[in-house]
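Let me begin by presenting the structure, written as structure tokens, before commenting on it.
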Amino acid sequence: MMPRTLSAKLTLALIAILAVTGAAWVALTLASTRLYQEEVDQSLNAPLAQYIADAYPLIEGGEVNRPALKDLFDKLMVINPRIEVYLLDGEGAILAFSAESGRVKRDRVDLAPVRAWLAGPDMLPLRGDDPRNAEAQKPFTAAPVKDGDVLAGYLYVVLGGEKYDSVAGMVSESLIVRLALFAGGLGLLAALAAGMFSFAWLTRRLRRLTQAVDRFRDDGFESPMKLAGWRRGGDEIDRLGVTVEEMSQRIADQIEQLRQADAARRDMVANISHDLRTPLASLQGYLETLLMKEDSFSAEEKRKYLDLAARQGDRLGRLVTELFELTMLDSTGTRLNFEPFSLPELVQDVTQKFQLQAERRNMTLELDMPANAPFVQADIGLIERVLENLIENAIKYTPEGGKISLSLVAGADGIEARVADTGPGIPEADRDRIFERFYRVEKSRADAPEGAGLGLAITRRILQLHDSRIEVESAPGHGAAFSFRLPLAS
Ligand code: ADP
């Protein structure tokens with residue numbers, strides 16, 4: 001089973017790496033120790049074969065000199081029993097040897113290494129066939145054996161015997177090897193301990209981060225994570241932490257926003273039903289009265305009730321349209337159609353529409369615009385709606401005989417539009433609230449002009465979508481002035 005923490009996994013990987021490295025190191029140590037020993041052995045004993053060949057006439061008159069051989073073998077037995085001496089003929093066949101007879105497995109020795117040895121080897125150790133083992137090779141020393149002046153064979157001396165044949169033998173016999181293995185093992189353990197410690201240390205921030213993320217999840221993604229002291233300028237883990245922290249903040253904010261939007265939507269539905277109910281009830285009331293009193297009403301009275309009902313119908317229709325408009329503007333998918341256009345031309349067009357209405361109420365509509373204003377960049381349909389709302393309000397709330405002034409002022413980065421009137425103005429206390437949905441200053445006044453309180457909410461939303469805002473100035477009794485600014489087309 002895989003461990004569940006990162007530092008445990010890293011430790012496991014480290015153990016595997018150390019095991020492989022350790023094994024390779026042991027193999028290398030043993031092999032190089034053996035090579036070194038063989039090299040030393042061979043170079044120290046190099047002249048041995050020649051001494052013997054010089055000291056003993058081993059072949060005489062084509063015959064092996066048995067007494068001389070026996071004398072030699074006896075002496076060697078005493079001096080260095082590990083040295084094995086073989087007498088070869090000119091072809092490499094073994095004529096005699098010093099080892100016990102049953103242990104020799106070959107009857108001839110390859111002469112190529114012997115000749116290389118006699119020619120002076122480039123590098124030690126040089127190995128030749130080991131007669132005691134049909135497969136193995138061993139370091140040796142050799143010398144030609146002369147019968148008078150004729151080359152009669154070779155003296156072949158195998159060094160070291162069977163001493164270094166097995167690894168176990170080497171380990172048990174060599175203090176150096178044992179020491180090296182012990183030190184190496186200790187070193188690996190120390191490396192493992194250091195590795196485990198540093199992994200635990202390096203991954204501690206990841207552990208903290210994981211705990212923080214877990215906590216964030218357990219809290220339903222609502223309370224953002226707090227990682228004290230993490231900096232963006234740090235390493236990858238620091239950056240990861242800071243980014244995750246920001247993400248958690250974002251997620252929590254958005255959940256909160258969704259919740260608020262949901263609450264707002266519920267409020268709005270409640271508001272809408274409430275607001276639709278009033279004109280609907282009046283409409284129903286007028287129509288029912290008409291139905292009941294159809295016979296007793298005079299034509300004039302009937303006409304009056306029909307008029308009243310029609311007005312409520314109108315009001316209802318407008319309300320529904322405005323609510324729909326506002327909902328559309330609020331939905332996140334709203335796409336604005338930005339284009340460059342001439343604001344003075346638009347103002348001209350819109351004022352035209354209200355000319356008649358203003359005249360009917362005995363009001364003057366005054367325009368003050370620069371002759372060659374640069375184009376602005378905006379959604380022309382929505383800006384038209386803004387102007388309509390502001391002018392309509394100005395006409396609606398200003399008493400007969402008043403004056404409405406529209407002005408445009410071009411600046412370096414935009415054009416400011418302003419709609420001012422000479423009406424009653426807006427009390428200080430209401431000034432911030434008139435842009436809220438359904439908010440009306442004169443809600444309690446019976447003779448107040450009709451309206452649902454949605455026009456300015458729509459206006460504010462449209463300008464918000466243009467990254468702009470609607471401002472209002474008013475000195476009560478001296479009229480109100482609404483203004484906003486649009487950016488120039490580049
Ligand atoms: P309404 O449909 O009632 O006109 P609006 O959102 O357009 O809704 O306006 C909100 C309120 O702001 C109005 O009810 C009115 O009290 C006040 N208001 C708006 N424009 C003016 C103005 N030009 N002069 C005085 N009061 C205004």
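When a ligand or atom number is given, it counts from 1 through the structure's own listing order. These numbers were taken from a predicted model, which means no experiment stands behind them. Just so it is clear, the values below take in all heavy atoms, side chains as well, and ignore hydrogens, waters and symmetry mates.
For atom 3 (O) of ligand 1, the closest non-hydrogen atom on the protein side is Arg440 NE, 2.6 Å. The protein heavy-atom contact nearest to atom 14 (O) of ligand 1 is Glu442 OE2, 2.7 Å. Looking only at heavy atoms of the protein, atom 24 (N) of ligand 1 is closest to Tyr397 CB, 3.6 Å. In this structure, atom 19 (C) of ligand 1 lies nearest to the protein heavy atom Asn393 ND2, 3.5 Å.
Side-chain polar atoms of Glu256 and Gln260 form a donor-acceptor pair below 3.5 angstrom. In this model, no donor atom of one side chain and acceptor atom of the other lie less than 3.5 Å apart for Gln357 and Arg360. Defined by atom type and a distance below 3.5 Å, a donor-acceptor pair is present between the side-chain atoms of Asp253 and Gln249.
Taking a cutoff of 4.0 Å between a charged side-chain nitrogen and a carboxylate oxygen, Asp307 and Arg303 qualify as a salt bridge. Taking 4.0 Å as the cut-off between side-chain N and carboxylate O, Arg469 and Glu471 count as a salt-bridged pair.
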- Query: Arg461 and Gln464: side-chain hydrogen bond (donor to acceptor under 3.5 Å, both in side chains), yes or no, with the steps?
  - Reply: CA-CA 5 Å; Arg461 179 70 189 140; Gln464 239 174 25; 2.8 Å; yes
- Task: Determine, stepwise, if the pair Thr459 / Phe435 fulfils side chain to side chain contact (heavy atoms under 4.5 Å, CB included).
- Result: CA-CA 8 Å; Thr459 301; Phe435 300 103; 5.8 Å; no
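Applying the 4.0 Å criterion to heavy atoms of Tyr439 picks out, from ligand 1, the atoms 10 (C), 11 (C). Against a heavy-atom cut-off of under 4.0 Å, Gly455 is close to the following atoms of ligand 1: 5 (P), 6 (O), 7 (O), 8 (O). Numbered from 1 in the order shown, with element, the atoms of ligand 1 that lie under 4.0 Å from a heavy atom of Leu454 read 6 (O), 8 (O). Heavy-atom contacts of Leu456 reach the following atoms of ligand 1: 5 (P), 6 (O), 7 (O), 9 (O), 10 (C), 12 (O), 19 (C) (cutoff under 4.0 Å).
The distance criterion of under 3.5 Å between nitrogen or oxygen atoms is not met by Ile426 with respect to ligand 1. Considering backbone and side-chain atoms alike, Gly425 places every N or O at 3.5 Å or more from each N or O of ligand 1. The shortest N or O to N or O distance between Val441 and ligand 1 is below 3.5 Å.
Within the structure, the closest approach of Gly453 to ligand 1 falls below 4.0 Å when heavy atoms are considered. Between Lys396 and ligand 1 there is a heavy-atom distance shorter than 4.0 Å.
Ring to ring, Phe484 and His466 are not that close: their centroids are 6.0 angstrom or more apart.
Nearest to atom 22 (C) of ligand 1 by heavy atom, out of Asp421, Val472, Thr459, Ile434, is Asp421.
Within a 6.0 Å radius of CE in Met369, other residues, nucleotides and ligands contribute more than 12 heavy atoms.
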